[in-house]
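Sequence lines set the chain letters: A, B, ... in the order given, protein chains first and strands last, and positions in each chain run from 1. All values reported here derive from a predicted model rather than from experimental measurement.
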Number of protein chains: 2
Amino acid sequence: MLSIGALSRATGVKVPTIRYYEDIGLIAPAARNAGNQRRYDQAGLDRLGFIKHARDLGFGLEEIGELMGLNGELGADCHAADQIARAQLDRVRARITRLRRLEAELERITHLCEGGAGGTCQVLTALGDHSQCLGDHN
Amino acid sequence: MLSIGALSRATGVKVPTIRYYEDIGLIAPAARNAGNQRRYDQAGLDRLGFIKHARDLGFGLEEIGELMGLNGELGADCHAADQIARAQLDRVRARITRLRRLEAELERITHLCEGGAGGTCQVLTALGDHSQCLGDHN
DNA sequence: CCTAGATGCTCTAGTCACTAGAGGTTCAAG
DNA sequence: CTTGAACCTCTAGTGACTAGAGCATCTAGG
């Protein structure tokens, strides 16, 4: 039986975050000992580990709740889980695309400073004026 | 003189967002007409345009406040602005790196479903168990 | 000049996923 | 039995907005 601190160290999820997950119903209320402190078993450890890993992969808490709900039943579950994972993959790819455009634009802007004498700062001008940009960055 | 709605259409920043920027002090309180409605001139339009563009480039509101503060004085400003822009570039690059690791991992996971017969869902198992991952994804 | 409907105003509360702090209780080691 | 770490609940704050209630004002058509 683990205390909340031990569970935190075992999973890498901070103590207040564990309590927060309980508050919002993502994990079931933990069993309590005589002094009203939370105690966790292996199943609790596994569930929090699942949540941690899914969070690291960028899933939102609501999606994680869905994924854990699926885990109960079997059958078409795998397909549903796969769809949620694919949706997440699409989101990740879209964000990568967008960030690469930003990278290109920021690269251009940060090179403006070098020759920058004269009165006005080219960096600030570039930040203020989208029409100077090479491409769209949504 | 633009109304807040006209300013919103001109810049692409939503009306409540403009009021929010005023609330937090990012833009100065707008002049009001006889009926207490906000009116904006060219300078207000320019400032909001600057904010919009910098937001699109991923800068936080606090950084944008700094950048606009710099715009007043001249001299070493350009260097300071350049540093803020470079810091943002570094952040963007770090996020790209991280997202690419996630992309690889999610790609792997979403390919598990194909042969997936048997009792347990491979996708859910992979989500729950970091030790199956090929690399680190922070 | 009047009216209808769009637009504006303030204020409060909600979003997401936590994080911080106050003020008090319980546990574990010596 | 004492001490200090860990635990408890509760409230409030973060960033960058978004939504809604309930009212006032503006503008174009008749």
Original post:
Reckon A/Asn36 has a side-chain N or O less than 4.0 Å from the OP1 or OP2 of C/dT25?
Top reply: no
Original post:
Over how many whole Å does the gap from B/Leu26 atom CG to D/dA16 atom C1' extend?
Top reply: 11 Å
**OP:** Measure from CD1 on B/Ile18 to P on D/dT18 and round the result to the nearest Å.
**Re:** 11 Å
Original post:
How about A/Arg86 and A/Gln83: does a side-chain donor come under 3.5 Å of a side-chain acceptor?
Top reply: no
Original post:
Mapping B/Gly60 and B/Gln37 to their closest nucleotides on DNA chain D, which lands nearer the 5' end?
Top reply: B/Gly60
Original post:
CG of B/Leu2 versus C1' of C/dG8: gap in Å, rounded?
Top reply: 15 Å
**OP:** Answer yes or no: does a side-chain N or O of A/Ser3 lie under 4.0 Å from OP1 or OP2 of D/dA6?
**Re:** no
Subject >> First encountered from the 5' end of DNA chain C, between B/Ala6 and A/Phe59 >> reply: B/Ala6
**OP:** For D/dA16, take OP1 and OP2 only and decide whether either is under 4.0 Å from a side-chain N or O of B/Tyr21.
**Re:** no
Original post:
What integer distance in Å separates A/Arg19:CZ from D/dC8:C1'?
Top reply: 7 Å
Original post:
Any Lys/Arg nitrogen of A/Arg100 or A/Glu103 sitting under 4.0 Å from an Asp/Glu carboxylate oxygen of the other?
Top reply: no
Original post:
Using a cut-off of less than 4.0 Å, is there contact between a side-chain N or O of B/Thr17 and OP1 or OP2 of D/dT18?
Top reply: yes
**OP:** Provide, to the nearest angstrom, the distance between the CD1 atom belonging to A/Ile4 and the P atom belonging to D/dA6.
**Re:** 13 Å
Original post:
Can you tell me if the side-chain N/O atoms of A/Tyr20 get under 4.0 Å from OP1 or OP2 in C/dC16?
Top reply: no
Original post:
Could you give the CD1-to-C1' distance, from B/Ile51 to D/dA16, as a whole number of Å?
Top reply: 13 Å
**OP:** Count the heavy atoms of every other residue, nucleotide or ligand shown that sit under 6.0 Å from CZ of A/Arg91, and state whether that count exceeds 12.
**Re:** yes
Subject >> Protein-nucleotide distance (A/Arg32, atom CZ; C/dC27, atom C1'), rounded to Å >> reply: 15 Å
Subject >> Distance below 4.0 Å between A/Arg38 side-chain N/O and D/dA6 OP1 or OP2 >> reply: no
Original post:
Has A/Arg38 got more than 12 heavy atoms of other residues, nucleotides or ligands less than 6.0 Å from its CZ?
Top reply: yes
Original post:
What is the distance, rounded to the nearest whole Å, between atom CZ of A/Arg39 and atom P of C/dT26?
Top reply: 13 Å
Original post:
Counting only heavy atoms not in A/Glu107, do more than 12 sit closer than 6.0 Å to its CD atom?
Top reply: yes
Original post:
Think A/Lys14 has a side-chain N or O under 4.0 angstrom from the OP1 or OP2 of C/dT19?
Top reply: yes
